[in-house]
Amino acid sequence: MGVKAVSEHIRSVGVWVGLPIHVWIVAEQGGVTLVDTGLKWMAGSILKEIERMEAGPLKRIVLTHGHSDHVGSLQTLLARYPVPVYMHEREIAYAEGDRAYPGKSRPFAHVQKGLLQPLAAAGKNGLDPIGSLQPFFTPGHSPGHVVYFHAQDQVLLAGDLFHAKRGRLLPARFSPDPALALRSGNVLRTLDPERLEVCHGGTVYRPAGQLGDLEQEAERAETAAKARQARIEAKKSKRSRQ
């Protein structure tokens, strides 16, 4: 998949491993910010693109969450650029292996202890800006999932808040709390970005306009599930009376 120019200040580096995986390099004053680190073997491509951009050295790494396909090349990148690494404070215990991620039977350390710093939480949106990016807390796919908004370019770097295919917004797979993730998706209405970029999928333009469709689909699915459960309970009740 290679490298893609997302906007004036943002490039994505992507690979295909049965599904797409993207990370993003954001040009700042005097250097770049990396959003997520992808798989372990993506480090070389990320480092080459940082050099190719000629925007300066890596200044910081910010993470949407701590799943393995988002932090895989972290150690290799830090060996070249020993920079600060930021994550939401609610995610750190899961990423470091102190707590099991929801839906998992046991904890697993995806990130070495001592590498992660919590995003500063004092801004008007709950989290302080970091470089040119404004983080927003969007739990559901993971307990401390975060998205990053580049206001100047009107691009939302959304990690696994959603997936996307052929310009269509989709619910993220493997979310232990899909209802919470969908509620977190209301950030699209708050920001109304021109462009949404996700880890697993392509670009979605004006994504806020598609959020209502996802909400309606979720409501229909919930109604159908309740109807199925009601039928099951009715059959159980009937058998118990016989």
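Bear in mind the structure is a predicted one, so any value in this text is a computation, not a measurement. Counting begins at 1 with the first residue of the sequence.
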### Task
Over all heavy atoms of both residues, which pair between L188 and L196 is shortest? Give the atoms and the distance, please.
CD2-CD1, 4.2 Å

### Heavy-atom side-chain contact between S73 and I46 under 4.5 Å
yes

### Message
Contact between Y94 and V111 at the side-chain level, heavy atoms closer than 4.5 Å - yes or no?
### Response
no

### Task
Could you tell me whether R206 atom CZ has more than 12 heavy atoms of other residues or ligands within 6.0 Å of it?
yes

#### Entry: Short side-chain to backbone donor-acceptor contact, T64 and V146, under 3.5 Å
no

### Message
Do V204 and F162 have side chains that approach each other closer than 4.5 Å (heavy atoms only, starting at C-beta)?
### Response
no

#### Entry: Y205 and E194, any side-chain heavy atoms less than 4.5 Å apart
no

### Message
Please report the interatomic distance CG(L63) to CG(D36), rounded to the nearest 0.5 Å.
### Response
5.5 Å

### Task
Can you see which heavy atom on A218 is nearest to which on L182, and at what distance?
CB-CD2, 3.6 Å

### Task
Answer with yes or no whether the hydrophobic clustering places L115 together with L39; edges join I, L, V, M, F, W, Y residues whose side-chain heavy atoms lie under 4.5 Å apart.
yes

### Query
Heavy atoms, side chains only, cut-off 4.5 Å: are S184 and P139 in contact?
yes

### Query
Which atom pair, heavy atoms only, marks the closest approach of P20 to G201?
CG-N, 3.2 Å

### Task
Start with the C-alpha distance between S132 and Q152, add both sets of side-chain angles, then the distance that settles side chain to side chain donor-acceptor pair (under 3.5 Å), and finish with yes or no.
CA-CA 8 Å; S132 60; Q152 184 177 351; over 6 Å; no

### Shortest non-hydrogen contact between L211 and N186, atoms and distance
CD2-CA, 3.9 Å

### Task
Please lay out, stage by stage, how D153 and R195 fare under the test salt bridge (Lys or Arg N to Asp or Glu O under 4.0 Å).
CA-CA 9 Å; D153 289 6; R195 181 170 182 152; over 6 Å; no

## Note on the structure
Correct closest heavy-atom pair for L74 and I61 would be CD1-CD1, 3.7 Å

#### Entry: Pairwise distance OG1(T33) to NE2(H9) - rounded to 0.5 angstrom
12.0 Å

### V198-L156 co-clustered via ILVMFWY side chain contacts under 4.5 Å
yes

### Task
First locate atom CZ of R52, then atom CZ of R11, and finally report the distance between them rounded to the nearest 0.5 Å.
10.5 Å

### Query
Side-chain heavy atoms under 4.5 angstrom apart, residues restricted to Ile, Leu, Val, Met, Phe, Trp, Tyr: same cluster for L170 and L157?
no

### Query
V13, Y81: one ILVMFWY side-chain cluster at the under-4.5 Å cut-off?
yes

#### Entry: Exercise: do E91 and Y101 side chains pair donor with acceptor under 3.5 Å
yes

### Task
Test side chain to side chain donor-acceptor pair (under 3.5 Å) on H145 and T138 and set out the steps.
CA-CA 5 Å; H145 191 281; T138 53; 2.9 Å; yes

### Task
Determine, stepwise, if the pair V15 / W41 fulfils side chain to side chain contact (heavy atoms under 4.5 Å, CB included).
CA-CA 10 Å; V15 297; W41 47 272; 3.7 Å; yes

### Message
I'd like to check H200 versus I21 (side-chain heavy atoms, cut-off strictly below 4.5 Å). Are they in contact?
### Response
yes

### Query
Is it the case that more than 12 heavy atoms not belonging to Q75 sit under 6.0 Å from its CD atom?
yes

### Message
Pair H141, D177 - check side chain to side chain donor-acceptor pair (under 3.5 Å), show working.
### Response
CA-CA 6 Å; H141 181 74; D177 194 338; over 6 Å; no

### Query
About how many Å separate CG of L119 and CE of M87, when rounded to the nearest 0.5 Å?
9.0 Å

### Message
Would you compute the distance between atom CZ of R90 and atom CZ of F137 and round it to the nearest 0.5 angstrom?
### Response
4.0 Å

### Query
Yes or no on salt bridge (Lys or Arg N to Asp or Glu O under 4.0 Å) for K113 and D98, after CA distance, side-chain angles and deciding distance?
CA-CA 10 Å; K113 283 184 180 291; D98 290 329; 2.6 Å; yes

#### Entry: Heavy-atom check, side chain of Q117 versus side chain of P84, under 4.5 Å
yes

### Task
Anything under 30° is parallel, anything over 60° is perpendicular, the rest tilted; go ahead and classify H65 against H70.
tilted

### Task
Test R80 against E51 for salt bridge (Lys or Arg N to Asp or Glu O under 4.0 Å), laying out the working first.
CA-CA 12 Å; R80 173 71 175 274; E51 295 176 1; 2.7 Å; yes

### Query
Taking it one step at a time, do K4 and T203 satisfy side chain to side chain donor-acceptor pair (under 3.5 Å)?
CA-CA 11 Å; K4 178 177 69 174; T203 301; 3.3 Å; yes

### Query
If you measure from CD1 on I25 to CD1 on I50, what distance do you get to the nearest 0.5 Å?
5.0 Å

### Query
What heavy-atom pair brings G14 and H22 nearest, and what distance separates the two atoms?
CA-ND1, 3.8 Å

### Message
Could you check whether any side-chain heavy atom of V85 comes within less than 4.5 Å of a side-chain heavy atom of R60, counting everything from C-beta outward?
### Response
no

### Query
Do you reckon F174 sits in the same ILVMFWY cluster as L19, going by side-chain contacts under 4.5 Å, direct or chained?
no

### Task
Determine, using ring centers only, whether H150 and Y148 are less than 6.0 Å apart.
no

### Worked check of side chain to side chain contact (heavy atoms under 4.5 Å, CB included) between F136 and L127
CA-CA 7 Å; F136 288 85; L127 295 168; 5.9 Å; no

### Message
I'd like to know if the side chain of Q210 and the backbone of G167 have a donor-acceptor N/O pair within less than 3.5 Å.
### Response
yes

### Query
Do the side chain of S12 and the main chain of V23 share a donor and acceptor less than 3.5 angstrom apart?
no

